[in-house]
Amino acid sequence: MKQKTTWVTNPTKTQLIAVLAWYTTSFVLIVAVMTELFEKTPAFRENYMLLVVLIFATIAVAKILTNYFKKLNN
């Protein structure tokens, strides 16, 4: 049985650009919330769940990037 490919396992250039734009925008907004719009240093103890979200989003984007470059080299 043939496995279905998804945009995560087989991303196109357009999908990669969209994911990177989404990730960058989200990262900046979450850091802005964590730092109260850059007025002070990030309080990671107060914003623990936001930090967890950033870590998992970074892992997901890294996986998409590696899948894209693997596909590009094949």
Side-chain angles (χ1 to χ4, degrees):
M1 183 186 240
K2 186 176 179 181
Q3 234 179 356
K4 283 178 68 175
T5 59
T6 63
W7 64 272
V8 175
T9 57
N10 193 16
T12 63
K13 186 176 184 178
T14 305
Q15 291 167 335
L16 181 68
I17 291 170
V19 166
L20 288 176
W22 166 82
Y23 173 74
T24 304
T25 303
S26 300
F27 186 86
V28 169
L29 291 175
I30 290 174
V31 169
V33 167
M34 289 172 62
T35 60
E36 295 181 9
L37 297 174
F38 305 106
E39 292 178 358
K40 61 180 184 177
T41 59
F44 294 121
R45 291 182 190 259
E46 296 171 6
N47 300 307
Y48 179 72
M49 289 308 294
L50 289 176
L51 184 62
V52 170
V53 168
L54 282 178
I55 291 169
F56 282 117
T58 303
I59 292 169
V61 170
K63 183 67 175 167
I64 292 169
L65 279 169
T66 57
N67 287 341
Y68 176 75
F69 286 113
K70 280 182 187 177
K71 183 185 96 168
L72 196 63
N73 290 335
N74 288 338

- Item | For Lys63, all residues meeting side-chain contact (heavy atoms from CB on, under 4.5 Å), sequence neighbours excluded | Thr66, Asn67
Solution key, residues 21-34 side-chain donor-acceptor pairs under 3.5 Å, sequence neighbours excluded:
from, atom 1, to, atom 2, distance (Å)
Tyr23, OH, Thr58, OG1, 2.6
Thr24, OG1, Leu20, O, 2.8
Thr25, OG1, Ala21, O, 2.9
Ser26, OG, Trp22, O, 2.8

- Message: Is any side-chain heavy atom of Leu65 closer than 4.5 Å to one of Phe69?
- Response: yes
- Taking a hydrophobic cluster as the set of Ile, Leu, Val, Met, Phe, Trp and Tyr residues connected by side-chain heavy atoms closer than 4.5 Å, whether directly or through intermediates, do Ile17 and Leu72 fall within one such cluster? no
- Item | Contacts of Thr14 that satisfy side-chain contact (heavy atoms from CB on, under 4.5 Å) - sequence neighbours left out | Thr12
- Message: To the nearest 0.5 Å, what is the distance between CZ on Phe56 and CG on Leu51?
- Response: 10.5 Å
- Message: With a 4.5 Å cut-off on side-chain heavy atoms, are Leu50 and Leu54 touching?
- Response: no
